[in-house]
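Worksheet for the structure shown next.
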Amino acid sequence: MKVPHAARKGKLRRGLGVPWLFAAAYSAVGFSIYFSLGVVAERGLGLTPLIFLVAGLLFGLTTLSYVEGGAMFRERGGSSAFARHAFNELVAFIAAWAILLDYLIVIALAAISVPHYLVPIWSGFDDKGAEIVVAAIVIFGACTLNIFNVTGRGQQRSLAFLALADLALQLMVIAVGVVVVMHPDRLTEQIHLFSHPNAKDIIYAAVIAMLAYAGIEAASDLAPDIEVSRRDLKRIASLGAIAVPLVYAGMAAIALMAVPVVAGPHGPETALGGQYIQDPVLGVVSAFHPHWLREIMRWMVALVAAPVLFWAATTSMLGVSRHTYTLAINRQIPSWLGKLHRRRATPYVAITICGLIALGLVIPTNIKILAGLYAFGATLAITIAHLSIIRLRVTMPDKKRPFRIPWGMAWGPAELPIPAMIAALASFLAFLSVLAFHTTARWVGIGWMAFGLLFYVVYRKYVEGTSLTKRVSVGEAALTKQIPEVEFSNLLVPVFGTKLDDDIVATAGRLAAAESEDAGGEGESRLELIYVIEVPLTEPLDAALPPEREAQARRALERAREVGEEYEDVEVSTEVIRARKTGAGIVEAARRLGSEAIVIGAEPPSKIRGGGRFGGIGAARPAEIGSATEYVLKKAPCRVLLTAPPEPESVPAGEVPGDIVIEEDDDRDR
């Protein structure tokens with residue numbers, strides 16, 4: 001993920017057409033049927049198809065909100081980005097932290113499912129040891145691809161083909177199922193409403209069914225990468241909101257007819273929620289007949305599901321990297337967490353840490369706990385998304401909206417979207433049901449959010465010293481923490497006739513020599529040694545100066561030349577410059593000579609506060625920054641390399657500051 005350029009390179013352009021764009025969006029949500037079907041069927045039983053339709057209604061309403069928000073701002077972050085514009089940074093962080101949890105859960109769920117869908121290739125993949133190993137390989141692969149920025153940018157057609165293969169497989173399972181396992185009576189024969197399943201089971205399953213649309217945040221991240229007309233945007237939103245729930249409900253219906261609900265020792269049950277809970281689609285086709293059809297379908301599921309799930313883990317990790325980047329540049333997490341790779345501009349620290357967390361979630365191999373955790377984060381983030389869209393209608397009524405949710409009600413000058421209001425209420429009630437019925441998800445989810453909020457408060461208030469709600473943004477450079485590559489073939493070195501000159505010139509000489517060596521000895525590096533003589537304003541610049549001042553300058557430059565010429569392949573030149581101020585003379589020389597860097601020594605601390613004339617420093621400057629150095633740092637046309645200041649030393653009696661001190665020590669490479 002090369003975040004800063006992702007919106008400019010590899011865009012999904014309108015020329016791909018609505019089918020391709022729909023396929024790209026479907027690839028972000030269509031994978032979840034491979035692990036959500038069994039978890040929902042365990043509690044929903046014969047009502048599972050209807051539950052998927054009800055969840056699909058909420059999905060459709062949620063799609064409308066995400067499309068309106070994404071089209072308005074065209075930036076990454078999904079519900080977090082909407083909340084940033086509608087509310088403040090604190091609410092945006094809450095949404096982002098919940099989304100981050102969901103991304104980690106999806107990575108873990110996809111990784112756990114991959115080995116089970118590979119069972120037709122080798123039955124040993126079903127063992128717990130092999131399951132964890134394969135899941136770890138999937139997570140490692142997802143991390144590696146994201147760190148090296150191999151996440152599909154510029155390969156949209158290939159990924160769209162994978163998405164179309166996924167959709168084609170699901171439609172084929174439905175079509176074949178209609179022919180070989182079509183027994184509608186199996187859906188209702190074990191239903192005893194409000195008993196099996198009871199009201200709690202129905203609510204529980206309905207909330208977990210949101211897992212089926214796990215990629216909605218990832219799909220919203222496509223907004224900056226899509227160039228599409230308003231008409232096509234409406235068609236994609238409508239097609240997705242209708243087609244995805246219908247496909248999922250159709251898959252659920254065929255599944256419950258192929259692997260029906262039967263009477264068990266503790267009441268009605270289905271193998272989809274037991275034996276096949278980690279690979280329900282494979283369980284469905286395993287019930288097909290005759291034998292040759294079953295084996296063909298099992299291999300087809302294995303060949304499509306495994307790469308689809310692997311890519312789901314990869315795209316979810318991409319979501320992690322994009323989210324941590326957004327959090328870091330908005331100063332919601334420290335820069336080191338969002339630190340970008342030097343060459344690939346990917347947040348490798350965050351990717352590595354999140355990969356380890358995902359691996360920790362995989363080890364228990366409990367898909368039901370992970371599903372409940374996902375529901376916690378999803379219902380919270382989606383609720384914030386809907387509320388943000390509603391508030392934006394009030395706070396930004398005139399903001400351009402390429403897509404607008406239909407069916408609104410007047411509220412003063414604003415028009416509130418009724419679908420978003422209904423969906424906000426439904427998702428909030430779903431969040432409350434998670435707190436009420438999902439014990440593990442409740443405590444783990446609350447713990448995750450509490451840790452994140454504590455971290456956020458401490459970082460913003462006591463590290464950054466800024467408001468919890470005010471937006472504070474920094475550029476990408478703040479996340480690189482690296483020294484830019486600099487050429488040192490033409491260096492300007494001011495000398496002042498002090499004992500520090502030897503060290504400063506030696507430092508510059510080493511840099512120039514190293515540059516020449518890196519260039520293979522082709523062409524000499526150059527040191528431009530200058531001595532600036534300050535001329536008072538009362539005299540013209542070309543006025544005759546006292547002979548002792550010119551002699552002092554020549555002695556200083558000659559000594560500096562001797563030091564510089566000790567380095568091979570380094571050409572040394574000297575020049576005496578007249579200027580009104582030392583700093584201005586240095587800057588003008590750098591500009592005239594086209595210097596690539598200025599190497600200047602920091603000034604020693606002084607107890608005198610009388611200003612430059614007396615060798616002192618101004619109270620507003622650090623001790624090592626004198627007036628000349630300060631001017632150069634502010635005005636230089638090139639990079640300035642400032643050497644570390646020396647320890648303060650007492651001036652021997654009779655020695656005037658600024659006199660030439662020639663040391664006979666020849667060890668100048670220290």
Side-chain angles (χ1 to χ4, degrees), residues 477-478 480-515 525-534 553 556-557 559-561 563-564 567 570 572-575 577 579 581-609 611-649 657-658 660-661 663 668-670:
T480 57
K481 299 296 182 184
Q482 63 191 35
I483 300 175
E485 295 183 2
V486 183
E487 294 183 356
F488 298 114
S489 59
N490 186 3
L491 298 177
L492 180 71
V493 186
V495 297
F496 301 94
T498 69
K499 62 182 180 180
L500 301 178
D501 287 349
D502 284 10
D503 286 338
I504 297 168
V505 176
T507 298
R510 286 194 294 271
L511 292 172
E515 181 70 22
S525 296
R526 186 177 182 84
L527 290 185
E528 300 280 358
L529 308 177
I530 64 170
Y531 188 105
V532 180
I533 297 178
E534 289 191 353
L557 288 172
R559 175 61 178 177
R561 177 196 290 276
V563 176
Y567 296 92
V570 176
V572 181
S573 64
T574 61
E575 182 180 2
I577 295 175
K581 293 293 183 181
T582 301
I586 295 171
V587 170
E588 176 58 31
R591 186 175 289 112
R592 174 169 50 84
L593 297 170
S595 302
E596 293 165 339
I598 300 172
V599 182
I600 190 170
E603 299 171 50
S606 170
K607 297 179 181 179
I608 302 174
R609 292 281 178 178
R613 171 178 288 276
F614 301 103
I617 59 172
R621 293 192 297 264
E624 65 273 14
I625 304 297
S627 58
T629 306
E630 181 183 32
Y631 186 92
V632 171
L633 289 172
K634 288 182 177 179
K635 304 292 187 178
C638 57
R639 299 189 183 277
V640 179
L641 306 180
L642 185 65
T643 64
E647 292 295 328
E649 296 180 3
I660 301 174
V661 180
E663 295 183 349
R668 302 187 185 96
D669 285 342
R670 58 190 183 278

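FYI, the numbering just counts along the sequence from 1.
Within the 4.5 Å cutoff, the side chain of Ile600 has no heavy atoms near those of the Ile504 side chain. Looking at heavy atoms from C-beta onward, Leu641 lies in side-chain contact with Leu511 at the 4.5 angstrom threshold.
Shortest non-hydrogen contact noted between Phe496 and Thr582 is CE2-CG2, 3.7 Å. Minimum interatomic distance between Leu527 and Ala512 (heavy atoms only, all atoms of both residues): CD2-CB, 4.1 Å. Taking all atoms of both residues into account, the shortest heavy-atom contact from Tyr531 to Ala553 is CD2-CB, 3.5 Å. Nearest heavy-atom pair, Ala513 versus Tyr567, reported as atom, atom and distance to 0.1 Å: CB-CB, 4.3 Å. Ala560 and Val495 make their closest contact through CB-CG1, 3.9 Å (heavy atoms, listed as atom of the first residue, atom of the second, distance). Nearest heavy atoms, Val493 versus Ala508: CG2-CB, 3.5 Å.
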Please list, one pair per line, the donor and acceptor atoms closer than 3.5 Å that link side chains of residues 584-593 to other protein atoms, with sequence neighbours excluded.
residue	atom	partner	partner atom	Å
Arg592	NH2	Glu575	OE2	3.2

For Ser573 and Glu528, what are the C-alpha separation, side-chain angles and deciding distance, and is it a side-chain contact (heavy atoms from CB on, under 4.5 Å)?
-> CA-CA 5 Å; Ser573 64; Glu528 300 280 358; 2.5 Å; yes

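Within the model, atoms CD1 of Ile530 and OG of Ser595 stand 8.0 Å from one another, a figure rounded to the nearest 0.5 Å.
Paired with Leu492 under the rule side chain to side chain contact (heavy atoms under 4.5 Å, CB included), one option of Val640, Leu529, Val599, Ile598 passes, and it is Ile598.
In this structure Glu534 satisfies the salt bridge (Lys or Arg N to Asp or Glu O under 4.0 Å) test with no other residue, sequence neighbours excluded.
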